[in-house]
Amino acid sequence: DRPVWISDHALGLGYLNTRSAGLTEAQAFEVEERLTLQPPENLSPGPYQLEVTYLNRETGEATAIASDPVRVVIDPQAAVPEREIKGGDRDLFTFFRREMAPKLQTGELDPVFFEVGRINQYDPQQDYLNQVEQAMTYRLSQVPNQLDWLYALTLTHVLQQDGPGAIAALETITQVAPDNAYNWLHLGFVYLYSWQPGQAQRALAEAERQQPNLPNLALLKTVNAVMGLNIPEAIRLLRSGT
């Protein structure tokens with residue numbers, strides 16, 4: 001897992017509608033975006049060259065786009081300018097991938113779902129989830145096993161109630177980072193959501209082996225016992241609280 005500086009999002013952040021603007025496929029149009037391009041904290045110092053790629057949302061085909069040469073230098077020793085130059089807002093894709101998705105690896109789910117609820121109040125279409133899913137799927141096809149991208153992809157599947165997709169992503173995560181008990185806990189949860197108690201038991205057992213006092217582990221074990229029709233075990237868990 002290595003830091004990669006990307007800023008993926010749909011044209012116009014997904015709000016561009018060429019049909020409502022009266023444009024046809026043969027007509028050209030110009031989109032101007034003012035967004036903050038924030039580098040990862042652990043990105044190596046040095047020069048970076050902008051590369052632009054267009055990913056067709058219908059076909060999944062990626063095409064390189066010619067752009068003006070833009071070169072950015074990361075220099076931790078650079079002097080702080082006397083007057084701060086304020087950029088635009090961070091796009092929702094970057095916020096989702098950089099701030100929300102990484103909380104899966106530490107089990108901080110309440111802040112994630114709080115932010116999701118807040119976002120969905122002013123974005124009823126929730127197109128940002130489709131944007132993240134498509135972008136991360138493409139990125140992972142180029143650089144497999146990039147952990148931060150896998151967490152972002154997992155969260156999109158969970159929020160879209162896509163059990164098989166979440167299971168596939170979490171299975172990969174548990175292979176890339178097998179020593180994180182939260183990864184196994186999340187995998188057990190999505191297996192339960194998909195009505196697969198046998199697979200859930202395997203994941204929850206591994207989570208318990210690594211960290212027996214994980215929050216919600218006892219609850220998920222109880223649910224798993226009920227789904228597996230192991231009523232005596234469910235009663236034992238309820239009585240013992242473990």
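Note that the structure is predicted; figures quoted are calculated from it, not measured.
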For F93 and A135 the tightest heavy-atom approach is CE1-CB, 3.8 Å

Closest heavy-atom pair, V112 versus M100, reported as atoms and distance to 0.1 Å, is CG2-O, 3.5 Å

Review point. Does atom CD of Q131 have more than 12 heavy-atom neighbours, drawn from other residues, nucleotides or ligands, at distances under 6.0 Å?
Key: yes

Decide yes or no for V132 and L129: does some side-chain heavy atom of the first lie under 4.5 Å from some side-chain heavy atom of the second?
-> no

Scanning both residues in full, the closest heavy-atom pair of G163 with S194 reads CA-OG, 3.7 Å

| message | Check whether Q134 reaches the backbone of R57 with its side chain - one donor and one acceptor, N or O, closer than 3.5 Å. | response | yes

Hphob cluster co-occupancy, L140 + V143, side-chain heavy atoms under 4.5 angstrom: yes

Is the closest side-chain heavy-atom distance between L43 and Y48 below 4.5 Å? yes

Do M136 and D8 have side-chain heavy atoms sitting under 4.5 Å apart? yes

task = Measure the shortest side-chain to side-chain distance between F96 and L159 over non-hydrogen atoms and say whether it is less than 4.5 angstrom.
result = yes

For L55, the other hydrophobic cluster members (4.5 Å side-chain criterion, sorted by chain and number) are Y138

N/O donor to acceptor pairs below 3.5 angstrom from side-chain atoms of residues 181-188, sequence neighbours left out:
residue: N183; atom: OD1; partner: Y151; partner atom: OH; Å: 2.8
residue: N183; atom: ND2; partner: Y151; partner atom: OH; Å: 3.4
residue: N183; atom: ND2; partner: A177; partner atom: O; Å: 3.1
residue: W184; atom: NE1; partner: P178; partner atom: O; Å: 2.9
residue: H186; atom: NE2; partner: L104; partner atom: O; Å: 2.8

Contacts satisfying side-chain hydrogen bond (donor to acceptor under 3.5 Å, both in side chains) that involve residues 170-180 (not counting sequence neighbours) are E171-Y191, E171-R202

Here the gap from E208 atom CD to N213 atom CG, rounded to the nearest 0.5 Å, amounts to 9.0 Å

side-chain hydrogen bond (donor to acceptor under 3.5 Å, both in side chains) filter on Q142, not counting sequence neighbours, yields none

Handout entry: L50 with V73, same ILVMFWY side-chain cluster at under 4.5 Å
Key = no

Worksheet item: Does the side-chain contact (heavy atoms from CB on, under 4.5 Å) test come out yes or no for F189 and N216, once each step is laid out?
Response: CA-CA 10 Å; F189 171 79; N216 299 319; over 6 Å; no

message: Does atom CD (E51) have a neighbourhood of more than 12 heavy atoms from anything else shown, all under 6.0 Å?
response: no

Output for pair (I173 CD1, Q105 CD), nearest 0.5 Å, gives 9.0 Å

- Query: Would you say the side-chain atoms of E99 pair up with the backbone N or O of F95, donor to acceptor, closer than 3.5 Å?
  - Reply: no

### Task
Report yes if some heavy atom in the side chain of N130 is under 4.5 Å from a heavy atom in the side chain of Q160; otherwise report no.
yes

Distance col, row I6:CD1 vs T94:OG1, nearest 0.5 angstrom, shows 8.0 Å

Rounded to the nearest 0.5 angstrom, the CD-CG distance for E61 and N56 is 7.0 Å

In terms of heavy-atom contacts, P39 and R98 come closest through O-NH2, 3.1 Å

Heavy-atom closest pair (S44 atom, I74 atom, distance to 0.1 Å) is O-CB, 4.2 Å

Check: Has D110 got more than 12 heavy atoms of other residues, nucleotides or ligands less than 6.0 Å from its CG?
Finding: no

CG of L192 to CD of Q201, rounded to nearest 0.5 Å, is 10.0 Å

Quick check on the hydrophobic clustering: are Y128 and F114 connected, directly or via other members, by side-chain heavy-atom contacts under 4.5 Å?
no

Hits for side-chain hydrogen bond (donor to acceptor under 3.5 Å, both in side chains) against D162, two or more places apart or cross-chain, chain-then-number order -> H157

dist T137:OG1 -> L153:CG (nearest 0.5 Å) comes out at 5.0 Å

Residue set satisfying side-chain hydrogen bond (donor to acceptor under 3.5 Å, both in side chains) with R209, at least two apart, ordered chain then number -> E206

